[in-house]
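What follows is one structure encoded as structure tokens, with my remarks underneath.
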Amino acid sequence: MEYLRKNKKSLLMLVIVLAVILVSSFFASMIQSAGYKVRVTDLRDATNSGYLINEETGQATTTEVNGKVVSGILFMPKDASASNKKPAVVLTHGYLNNRELQLQNAIELARRGFIVLTIDREGHGNYLPTSDKGSAMMNTSGMYDSAKYLYNLPEVDKTKIGISGHSMGGMTTAATLMQDASVGIISAGLMQGWDSFMGAGADVSVGILKAMDDEFFFGSKFADGTESICREYLQSVGAANFVKASYTEGDKSSIDIKSGGIYVNGQLTTTSDDGSAVGQPFRVIYEANEIHPLNHFSTESAGYIVDFFYKAFGTPDGNDFIAGGNQIWWIKEAFSTVGLAAFFVLIFPVVSLLLTLPCFASLRKKEELDLDADLPSIKKGGLCGITSTVTYFAGGLACMLFGGFILQKAYNEWGPRLFPQGTYFPQDTTGSVAGWAVICAAFGLTVMGVMWLVKAIVAKVASSKGKETLAVGNPFACAKIGIADFLKTIFLAIVVIALLYLVVFINWEIWVVDFRIWTFDVKPFMIEIVPAISRYIPWFFAYYAVSAIGNAGYRLKDLPEWATIAINAFFNAAGVLLVILIQYITFRSTGVLWQGDMALGYIVVFPMVAVLAIATIISRIIYKKTGNIWLGAMINAILFTIITCANTAAGYIYTFA
């Protein structure tokens, strides 16, 4: 009872946070399954077999159809059966993403009666690389075998199987359509964020979903031969050729393809928007007012995908038509975001309770320790007070701007040189981010040392003139720790992360949902990637340790705690946010990227803005509990390295060596 009394606050917080995770995941699961009218199943290495059916006779041929799903999530409407067959769709993601990035489309199609399978591609998610290709970008494995898997399911209407993928998944869609042209398993394909089409069967409907401003694709030419950019694609030769529309060479105004217009044999055709099938093969281009990575996170794009498969297959038997604008996936995403926030909050009661254990008791902050004793005060005026304030904000702004404006060089050049991709560092882009982190850590240490020296000089000058003294402090004092306690800290950080991910894995097993918003995702991961994660951790730890020193030991006394956290979070994250904003304000206003060689790089670091702010909060709060920076830094390094590695791609086989 004494333990409960002393730790009442932490225990209560633990219960509340776990309850929030449980409730938010329940509602996310309920939305994902359309009120549990759809069975949602995590498929791993699932196989089946059958024979190709002759569509004219309905009889099986001698052609074998062998299906396989290495890693997928199957959405099966509960009313689907051998006597009530449904259309089926395979969905896949783009480069560096995973199967969960197609959840918006899976949820919307499944609640309308479609059977949906969203899959990982090789080297991504739970589909481990099978060879050393050097990059996972061109891996197309998985989609055709998954379409075959659906073909063999008794609940599937074999004449209505569609495929769709985003970005490099769009390339996979195009390649699969061409591969199937002589077989005839696939009846419709929609390429999301991909513009190259190699051909399909004569009776197959094909569509393109593009962003108005796509960072990578849809550059073409006008009919007069001049260059066109992405936002002009509907007036380009590329669009006209795709829908097979005629145009007059030399006449720029002769092409004007309608977004969402259904083209049959090159002619714009009037169709209904009531869930009825067009009834014949068609071509269509949808243009959403967004950027490339929003294709899988927007109601506009989700509505277009619903429209395409309605027009290709019609409303599934036994289901009512639901307009494309009627969407619920974003509600599921909102509950998953609540779960994501609760996941990070869970760190604090877990740490507090573990610190009460005898084995970790020496890591607790001593009651008599005043963490702010040697800090300069923001309330102090004169030369000393001004110096304290200026060095604090100047140092923070220098680190902020440096971190943002070196991102281009660090991502494209310095990172790959410091961490060359191979069997030791197998992931495609993690080394680039690690390179940025190490360079920023070195710069941060330098800035802190310089600012400390400036304050020491000013303090000496003020003292020699008999003026007020300046509390210089030692910004590195917060890093003082004994070897035994340092080893304990490592072990404690590992225990904390293990308990957090125990919640992640259990939550997934119960609800088949993770914690996420857009591309920022805390999800289960394969045990095979742990050795690679351990190789990246020390380099990210360098960044989080320096960041924690600055966050804990280089600040001003008398600032409210919330202000200290907010200011330091701003210094850590705003530089990256700034360059992203410059990139996309330029892009959306002109149609041309500010830094063309960072078309992928800035998309990769979107989650970093949130990560760097959250890491600041974690390190600051845990520092207040322990009196040193190491536990927060270690938790941040392990946690965010796992999150990074679990959500990107590998071009080399994961090895234990």
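Around atom NZ of Lys133, more than 12 heavy atoms belonging to other residues, nucleotides or ligands sit under 6.0 Å away. Summarising the local packing, CE of Met138 is surrounded by 12 or fewer heavy atoms from other residues, nucleotides or ligands at distances under 6.0 Å.
Listed for the Ser432 side chain is a donor-acceptor partner under 3.5 Å among the backbone atoms of Tyr411. Under a 3.5 Å cut-off, the side chain of Arg39 and the backbone N or O of Met76 do not form any donor-acceptor pair. In this structure a side-chain-to-backbone donor-acceptor pair under 3.5 Å is present from Asn636 to Gly632. Between the side chain of His93 and the main chain of His166, no donor-acceptor pair closer than 3.5 Å is present. Proximity of a side-chain donor or acceptor of Thr641 to a complementary backbone N or O of Ile638 within less than 3.5 Å is not detected. A distance-only check finds a donor-acceptor pair linking the side chain of Trp194 to the backbone of Ser196 [under 3.5 Å]. Between the side chain of Lys158 and the backbone N or O of Ile185, no donor-acceptor pair lies under 3.5 Å. Using modelled atom types, one side-chain atom of Trp436 and one backbone atom of Gly403 make a donor-acceptor pair closer than 3.5 Å. Between the side chain of Asn48 and the main chain of Asn152, no donor-acceptor pair closer than 3.5 Å is present. Between the Gln32 side chain and the Val513 main chain, no donor and acceptor come within less than 3.5 Å of each other.
Side chain to side chain, Tyr623 and Asn551 fail the donor-acceptor criterion of an N or O pair below 3.5 Å. Side-chain atoms of Ser352 and Lys625 form a donor-acceptor pair, as typed in the model, at a separation below 3.5 Å. With no hydrogens or angles considered, a side-chain donor-acceptor pair links Asp428 and Tyr95 at under 3.5 Å. Side-chain atoms of Asn105 and Glu108 form no donor-acceptor pair, as typed in the model, at a separation below 3.5 Å. Residues Lys37 and Ser33 bring no donor and acceptor atom of their side chains to less than 3.5 Å of each other. Ser167 and Gln192 share no donor-acceptor pair across their side chains, judged by distance under 3.5 Å alone. A donor and an acceptor atom, one from each side chain of Asn572 and Thr616, are located under 3.5 Å apart. For the 3.5 Å distance criterion, the side chains of Ser81 and Glu155 fail to qualify, holding no donor opposite an acceptor.
Under the 4.5 Å side-chain criterion, counting only non-hydrogen atoms from C-beta, Ile291 is not in contact with Asp214. Side-chain contact between Phe515 and Ile643: absent, with no pair of heavy atoms (C-beta onward) separated by less than 4.5 Å. Phe297 is listed as a side-chain neighbour of Ile517, based on a closest heavy-atom distance under 4.5 Å. Taking 4.5 Å as the limit, every side-chain heavy atom of Asn66 sits out of range of all side-chain heavy atoms of Asp145. Annotation: side chain of Ile16 is not in contact with side chain of Met13 (no heavy-atom distance under 4.5 Å). Using a 4.5 Å heavy-atom cutoff, the side chains of Glu290 and Ser301 are in contact. The shortest side-chain heavy-atom distance between Thr644 and Val433 does not fall under the 4.5 Å cut-off. The closest side-chain heavy-atom distance from Phe348 to Ile618 is below 4.5 Å.
Minimum interatomic distance between Ile115 and Pro77 (heavy atoms only, all atoms of both residues): CG1-CD, 3.8 Å. Ala34 approaches Arg111 most closely through the heavy-atom pair CB-CB, 3.8 Å. The minimum heavy-atom distance between Met178 and Met198, with the atom names listed, is SD-CB, 3.5 Å. In terms of heavy atoms, Ile439 sits closest to Ala410 at CD1-CB, 4.4 Å. Annotation for Ser298 and Gln327: closest pair O-OE1, 4.5 Å, computed over non-hydrogen atoms.
For residues 525-544, no pair satisfies side-chain hydrogen bond (donor to acceptor under 3.5 Å, both in side chains), with sequence neighbours left out. Here side-chain hydrogen bond (donor to acceptor under 3.5 Å, both in side chains) pairs that include residues 338-349, with residues two or more places apart or in two chains, number zero.
Atoms CG and OG, from Leu612 and Ser547 in turn, are 7.5 Å apart once rounded to the nearest 0.5 Å. Rounded to the nearest 0.5 angstrom, Lys210 NZ and Asp195 CG are separated by 9.5 Å.
The salt bridge (charged side-chain N to carboxylate O under 4.0 Å, His left out) test applied to Arg44 returns Asp42, not counting sequence neighbours. Taking Lys409 as the reference, Glu413 meet the salt bridge (charged side-chain N to carboxylate O under 4.0 Å, His left out) condition, with sequence neighbours excluded. In this structure, the side-chain contact (heavy atoms from CB on, under 4.5 Å) partners of Thr173, at least two apart in sequence or on a different chain, are Met143, Ile163, Leu177, Met191. Shown here are the side chain to side chain donor-acceptor pair (under 3.5 Å) partners of Glu215, two or more places apart in sequence or in another chain: Tyr584.
Using cut-offs of 30° and 60° for the angle between ring planes, the Tyr501 and Phe525 rings count as perpendicular. Relative orientation of the Trp518 and Phe606 rings is tilted, given thresholds of 30° and 60° on the angle between their planes. Under the 30°/60° scheme for interplanar angles, the aromatic rings of Phe491 and Phe360 are found to be tilted.
When each of Ile21, Leu14, Val15 is tested with Val17 by the rule side-chain contact (heavy atoms from CB on, under 4.5 Å), just one qualifies, namely Ile21. Tested against Trp630 for a side-chain contact (heavy atoms from CB on, under 4.5 Å), the candidates Asp485, Thr489, Leu363 yield a single pass: Thr489. Checked options Asp120, Asn647, Thr92; the residue passing with Asn98 is Asn647 (criterion: side chain to side chain donor-acceptor pair (under 3.5 Å)).
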Test log, rule side-chain hydrogen bond (donor to acceptor under 3.5 Å, both in side chains), inputs Ser49 and Glu64: CA-CA 7 Å; Ser49 60; Glu64 290 187 356; over 6 Å; no

Passes side-chain hydrogen bond (donor to acceptor under 3.5 Å, both in side chains), Ser29 versus Tyr36? Steps please. CA-CA 8 Å; Ser29 173; Tyr36 297 107; 3.3 Å; yes

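A salt bridge links Asp514 with Arg516: at least one charged nitrogen is closer than 4.0 Å to a carboxylate oxygen.
Relative to the ring axis of Phe486, Lys488 does not place its NZ or CZ within 45° and under 6.0 Å from the centre.
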